[in-house]
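Step one of this worksheet: look at the structure below.
Here is the naming used below: chain letters follow the sequence lines, and residue numbers restart at 1 for every chain.
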Amino acid sequence: MKLNTVSQPAQPRQEPAERGPRQSISRRLSLSRQPLLRPLFTSRVPLFSARAITLAGFALTILAGLFGSVVGSHNFAIIFVWIAWWTLLKLVFIPLGGRSWCAVCPIPMPGEWLGQRGIFPGASPCKFGLGLAWPRRLGALPISGSWLQAGGFLMVGLFSAVTLTSPRLTGWVLLGILALAFGLSLVFEKRAFCNHLCPIGGFTGLYAPAAPVELRVDDRAICAAHTEKTCYDHCPWGVYIAAQQDNSACGLCMECLRVCPNDNVSFNLRGFGRDFVESRRRLRSDETALALVMLGCVLSFSILFLGPWGGLRTAAYAVGTLPWALYSAVYLAFAGLAVPGLYALAVRLGGPLQGFARTLNRFARPLLPLGLATWVAFTISFAFAKISYVLPVIGDPFGVGWNLFGLATVHFAPDVSLVAPLAQAAVLLIGLLWSGRVARQDADTPRRALALQGYALAITLGMVWVLMS
Amino acid sequence: VVFAPFPTLTLPTQRSYSVAAKDTTFTPAVLYANPGDTVTIRLTAKDVAHGLSIDGYPVDLHAEPGQSASVTFVASRAGVFKFRCSIACGNLHPFMTGRFEVGPNLLLLRAAALAVLAALFGAWKVFAHEA
């Protein structure tokens, strides 16, 4: 097996004060250079096959949502999207593979096929579509980066009780997302929907630096001497791999690895969260906002869906009524103001602010391991209790009385009542310790490090109380 | 913190709860018992048919609309257990849950204590690095 060391990456566009050397470059195992595994990376067929399967599953999900049973727990769309896929995303895809879900996500496929006039990239030298650059602002509203993703995720919470339980709405939402991604691909270049609108893309990109895999160039000097930048031209995400400092933007489609004429790109296995140690890139304002919204949302969703407060769920479900309006106001105040406000207070208590937004961004990276751990802990409760619904809906995806493969009558409900809380406690503690480590590394003063760790402790205790009380 | 014993000085007793199920909500939604207590739960379905099963306990009640069903069992396992509706009763059915606490919630106390210890460890690292 070949172990290679990744060379110094390009410095992104950052303010000089925020630049710094990578602290330690750990060794990597290049999976894409293993003879047995190499065809998986160099051929487009394996990834296409995986995407074809997810596209078929996506189509089935839309059909089941629109035409299947209206009882959510008997409908493939509800159980597979909000239980099976949502759980896999947070427990497997992101922690182990970063943005690996984005690599197999079917949503951008129809638009890309039309845009490149073929199933595989490079099928035709002519592109279909206007190919406009995504605008940075819409009037005074910033819309590039993760701003819309953060706002979108916050808005999802307003309708989550309905969306998570109504097959019809889930079907229409998925169909709408597919149509939106397709329409945007006709107007804008690269994956505009994925990069700027998809809430899941924002979610996965935010926590991808924690993953133990990466796609990186082996030798930046080779890239610097290569004037054609073939990798950038072929990247559907608009990422220049040689300038990549962390996993947040790369969708792991491996196109750069395939087209590099110098064979200078590797898919590496590494330690968890190496980006937090080796990269000095600070979060942008939109990323900080998204990280805070994600923390607010996971606390809110835990209270809403896992707590014993049925009245709260009923209010969240009654969209358009006064109880729903009250729920919405409290939710937005909590997730959009209180949780971010507490972070701003912690940063302020840690020392003077050198520009409000800039200081918040500078110390925001501890929010990432903390956020990932809280989402994993939430998912353990959310998923394990409802895993018994998964097999029956495979046997009867439309909830009309089928019994395919004999699965509709299978009752698989493992007793995890004692194991799940222990796992949640362990995950939350790991997140707290990990967040503290990043805080100590990034803080400019001991007081700031203590304040950031205090914030992480407050969030962790909040999750412990919601999940275990 | 993880393994420290937490003595309980209560004697086993009998407890009865009447739980109403309506609008995908249990009332009351939190039930308490001590280990060894004999617990009787009477479930009344106020609107549509509802069920009540407790994770970790062989309890599964079914009540037809306007009817009641009851069960008596010994709370032999300590801890915090979810109880949930076991009959599809509406769109919010998967989230129709409550909590059955047997004895003090040691997991909550231990997890909170460990989190505080982890934060203190982080503070110690800050000062150790500074020194």
Side-chain angles (χ1 to χ4, degrees), chain A residues 70-74 78-79 82-83 161-162 164-167 304-311 313-314 316-317 381 385-386 389 413 415-418 420-422 424-426 428-430 432-433 435-437 439-440 443 446-447 449-450 452-454 456-457 460-461 463-465 467-469, chain B residues 2 21-31 53-58 77-101 105-131:
Chain A
V70 295
V71 180
S73 53
H74 292 177
I78 292 294
I79 301 304
W82 302 123
I83 305 292
V162 182
L164 264 64
T165 56
S166 168
L304 178 63
F305 291 114
L306 303 178
W309 304 286
R313 282 187 286 276
T314 306
Y317 187 76
S381 261
K386 295 165 184 63
Y389 294 105
D415 179 12
V416 293
S417 54
L418 293 179
L422 290 175
Q424 289 172 312
L428 288 172
L429 284 173
I430 289 170
L432 178 61
L433 289 167
S435 173
R437 184 180 172 189
R440 291 193 296 277
R447 191 172 136 196
L450 289 176
L452 292 169
Q453 289 180 94
L457 176 63
T460 302
L461 287 177
M463 284 298 291
V464 165
W465 176 73
L467 296 177
M468 293 169 198
S469 72
Chain B
V2 174
K22 184 184 178 186
D23 289 340
T24 59
T25 301
F26 289 115
T27 309
V30 184
L31 311 178
S53 64
I54 304 177
D55 293 354
Y57 277 88
R77 294 178 73 183
V80 178
F81 305 90
K82 281 275 175 88
F83 63 85
R84 57 191 79 247
C85 182
S86 53
I87 298 176
C89 58
N91 275 359
L92 286 176
H93 159 71
F95 304 106
M96 185 175 177
T97 59
R99 202 171 64 230
F100 180 47
E101 291 191 18
N105 190 346
L106 293 183
L107 187 64
L108 171 70
L109 299 174
R110 293 185 203 280
L114 282 173
V116 172
L117 281 178
L120 289 174
F121 169 76
W124 172 77
K125 291 280 282 184
V126 170
F127 289 118
H129 182 263
E130 192 63 12

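Proximity to chain A (any heavy atom under 4.5 Å) is shown, for B:Phe83, by neither the backbone nor the side chain. For B:Phe81, the part lying under 4.5 angstrom from a heavy atom of chain A is the side chain only. When heavy atoms are compared at a cutoff of 4.5 Å, A:Arg313 approaches chain B by way of both its backbone and its side chain. At a 4.5 Å heavy-atom cutoff, the contact between B:Val126 and chain A is made by backbone and side-chain atoms alike. Contact annotation for A:Thr460: only side-chain heavy atoms (C-beta onward) come within less than 4.5 Å of a heavy atom of chain B. Contacts of B:Ala21 with chain A are absent, with no heavy-atom separation under 4.5 Å from either backbone or side chain. Heavy atoms of B:Phe127 lying under 4.5 Å from chain A belong exclusively to its side chain.
Sparse packing is recorded around CH2 of A:Trp465, with 12 or fewer heavy atoms of other residues, nucleotides or ligands lying under 6.0 Å away. More than 12 non-hydrogen atoms from other residues, nucleotides or ligands lie less than 6.0 angstrom from CZ of B:Arg77.
With rounding to the nearest 0.5 angstrom, the NE2 atom of A:His74 is 7.0 Å from the NE2 atom of B:His93. Atom OG1 in A:Thr314 sits 9.5 Å away from atom CE in B:Met96 (nearest 0.5 Å). With rounding to the nearest 0.5 Å, the separation of CG in B:Leu114 from CG in A:Leu428 is 11.5 Å. Note that the CZ atom of B:Arg99 and the OG atom of A:Ser469 stand 5.0 Å from one another [nearest 0.5 Å]. Between A:Met468 atom CE and B:Leu106 atom CG the span is 13.0 Å, to the nearest 0.5 Å.
Considering only heavy-atom pairs separated by less than 4.5 Å from chain A, the leading option among B:Gly79, B:Gly122, B:Gly98, B:Ala88 is B:Gly122. Interface check for chain A: of the options B:Thr97, B:Asp55, B:Leu92, the most heavy-atom pairs under 4.5 Å are formed by B:Leu92. In terms of non-hydrogen atom pairs under 4.5 Å with chain B, the most contact-rich of A:Ile78, A:Leu467, A:Val464, A:Leu422 is A:Val464. Of the listed residues B:Ala119, B:Pro28, B:Pro94, the one with more heavy-atom pairs under 4.5 angstrom with chain A than any other is B:Pro94. Annotation: maximal heavy-atom pairing with chain B below 4.5 Å, among A:Val162, A:Thr165, A:Leu304, occurs at A:Thr165.
Considering all non-hydrogen atoms of both residues, B:Ala115 and A:Leu461 come closest at CB-CD2, 4.0 Å. In terms of heavy atoms, A:Leu433 sits closest to B:Ala118 at CD2-CB, 3.7 Å. Taking each heavy atom of B:Leu107 and A:Pro421 in turn, the nearest pair found is CD2-CB, 2.9 Å.
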> After noting the C-alpha distance and the side-chain angles of A:Leu306 and B:Lys82, does the key distance pass the side-chain contact (heavy atoms from CB on, under 4.5 Å) rule?
Replying inline: CA-CA 10 Å; A:Leu306 303 178; B:Lys82 281 275 175 88; 4.2 Å; yes

